Participant: 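Quick one: the structure is below, questions incoming.
Keep in mind it's a predicted model, so treat the numbers as computed, not measured.
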Amino acid sequence: MATVPQQDPARLTFRDAVEADVPALVELIESAYRGDSSRAGWTTEADLLEGQRTDPDGVRQVIRASGSRLVVVERDEELTACCQLEHRGEAAYFGMFAVRPGLQGGGVGRQVLVEAERIARESWGVREMHMTVIAQREELIAWYERRGYRRTGTMAPFPYGDERFGVPQRDDLRFELLVKNLPQ
């Protein structure tokens, strides 16, 4: 992984996504996870999955869903990152997390995660943040563990046969639930 200079997180702005953001959000998410462009960062899934990571309909559903927020992160009015937050009772679900590949490793992701935890805690009063990560993504899971998330050992199957989530390149993919207690 190439060293990326630390970015000034104070310059990041956060807002809820709107319909007009959908094409740019799809491009961002795809660039962070799939194809050759994703290899510029370290969060690529290109060796595990081909095909799409999301599509316009999937992004629109997150924007429109009750109890859900798609947070857009910008620096100097340029789309830099995004994440989904979904209220699930005593917990919030964190997903659809993407940082521009060329900015990964510079502190943007860490700042987005901290802000997402704050938003979930203050908006919904939740006590935990939940997420699912492909269990084979050990480096990514380690990154989350360094930020206070713990592996639960609770696994969910990968949706084989549903190409909306990609075309698996191996037959043992599964998701693991990671959880973090949020300070009140």
Side-chain angles (χ1 to χ4, degrees), residues 1-49 51-65 68-87 92-124 129-134 137 139-149 165-166 178 180 182:
M1 177 172 79
T3 303
V4 176
Q6 288 290 327
Q7 304 293 322
D8 179 8
R11 294 176 43 207
L12 296 178
T13 59
F14 298 80
R15 64 175 175 81
D16 287 339
V18 296
E19 293 273 338
D21 294 318
V22 169
L25 286 166
V26 171
E27 184 277 323
L28 169 67
I29 295 162
E30 292 296 314
S31 74
Y33 289 96
R34 298 287 198 276
D36 289 337
S37 66
S38 70
R39 295 181 194 281
W42 68 275
T43 63
T44 184
E45 296 172 344
D47 294 330
L48 299 174
L49 296 155
Q52 70 179 30
R53 176 65 149 68
T54 192
D55 59 28
D57 289 338
V59 173
R60 270 189 213 90
Q61 286 175 7
V62 172
I63 291 172
R64 294 175 181 165
S68 176
R69 296 173 73 171
L70 185 51
V71 179
V72 170
V73 184
E74 296 171 319
R75 184 175 42 221
D76 299 327
E77 298 182 24
E78 180 182 336
L79 179 60
T80 302
C82 68
C83 68
Q84 170 194 11
L85 295 171
E86 184 179 315
H87 188 201
Y93 178 80
F94 178 81
M96 209 174 275
F97 184 29
V99 175
R100 284 222 176 273
L103 298 176
Q104 293 175 15
V108 171
R110 181 175 29 252
Q111 288 302 120
V112 172
L113 188 59
V114 167
E115 181 65 5
E117 292 167 357
R118 185 197 67 74
I119 290 169
R121 190 176 56 249
E122 291 181 7
S123 297
W124 299 316
M129 185 76 88
H130 293 187
M131 70 175 71
T132 55
V133 178
I134 295 174
R137 306 271 329 271
E139 185 179 4
L140 181 58
I141 290 171
W143 186 86
Y144 285 119
E145 286 178 312
R146 291 190 298 274
R147 278 138 196 91
Y149 287 81
F165 303 101
L178 305 183
K180 179 179 181 178
L182 299 179

Participant: Spell out, as yes or no, whether a donor-acceptor pair under 3.5 Å connects the side chain of E19 to the backbone of R60.
Facilitator: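 A pair under 3.5 Å: no.
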Participant: Under a 3.5 Å cutoff, is there a donor and acceptor pairing between the side chains of Y93 and S68?
Facilitator: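 On atom types as modelled, these side chains do not qualify, holding no pair under 3.5 Å.
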Participant: If you round to the nearest 0.5 Å, how far is CD of E74 from CG of D21?
Facilitator: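 It is 7.0 Å, given to the nearest 0.5 Å.
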Participant: Are there over 12 heavy-atom neighbours, none belonging to E122, within less than 6.0 Å of that residue's CD?
Facilitator: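 Above 12, so yes.
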Participant: For the residue pair I63 and V18, what are the closest heavy atoms and their distance?
Facilitator: CD1-O, 3.7 Å
Participant: Answer whether the closest heavy-atom distance between the side chains of F94 and L85 falls below 4.5 Å.
Facilitator: yes
Participant: Does some side-chain heavy atom of V108 sit less than 4.5 Å from a side-chain heavy atom of R100?
Facilitator: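 No, side chains not in contact.
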Participant: Measuring from atom CG of L48 to atom CZ of R137, what distance do you get when rounded to the nearest 0.5 angstrom?
Facilitator: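 It comes to 6.5 Å.
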Participant: Closest heavy-atom contact between M129 and A120?
Facilitator: CE-CB, 4.0 Å
Participant: Would the distance check show the side chain of D76 and the main-chain N or O of E78 forming a donor-acceptor pair, the cut-off being under 3.5 Å?
Facilitator: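 Flag not set: sc D76 to bb E78 has no pair under 3.5 Å.
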Participant: Please check: side-chain N/O of Q104 versus main-chain N/O of V99, any donor-acceptor pairing under 3.5 Å?
Facilitator: yes
Participant: Can you see which heavy atom on P101 is nearest to which on A32, and at what distance?
Facilitator: CG-CA, 3.9 Å
Participant: State the CD1-CE distance between I141 and M131, to the nearest 0.5 angstrom.
Facilitator: 10.0 Å
Participant: Counting C-beta onward and ignoring hydrogens, is there a side-chain heavy-atom pair between W143 and V133 closer than 4.5 Å?
Facilitator: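 They are not in contact (no side-chain heavy atoms under 4.5 Å apart), so the answer is no.
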Participant: State the OG-CG distance between S31 and L79, to the nearest 0.5 angstrom.
Facilitator: 8.5 Å
Participant: Between G51 and E30, which heavy-atom pair has the shortest distance, and what is it?
Facilitator: O-OE1, 4.1 Å
Participant: Which atom pair, heavy atoms only, marks the closest approach of G166 to L49?
Facilitator: C-CD2, 4.4 Å
Participant: Which value, rounded to the nearest 0.5 Å, describes the distance between T54 atom OG1 and E27 atom CD?
Facilitator: 13.0 Å
Participant: Salt bridge between R118 and E115, side-chain N to carboxylate O under 4.0 Å?
Facilitator: yes
Participant: For Y149, which residues count as a ring pair (Phe, Tyr, Trp, His ring centres under 6.0 Å) partner, sequence neighbours excluded?
Facilitator: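 By the ring pair (Phe, Tyr, Trp, His ring centres under 6.0 Å) rule, Y149 matches Y144.
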Participant: To the closest 0.5 Å, what do you measure between CZ (R75) and CZ (R11)?
Facilitator: 5.5 Å
Participant: Using the ring pair (Phe, Tyr, Trp, His ring centres under 6.0 Å) criterion, which residues pair with H130? Sequence neighbours excluded.
Facilitator: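 If we apply the ring pair (Phe, Tyr, Trp, His ring centres under 6.0 Å) test to H130, skipping adjacent residues, there are no hits.
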Participant: Compare all side-chain heavy atoms of R69 with those of W124 and state whether any distance is below 4.5 angstrom.
Facilitator: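 In contact.
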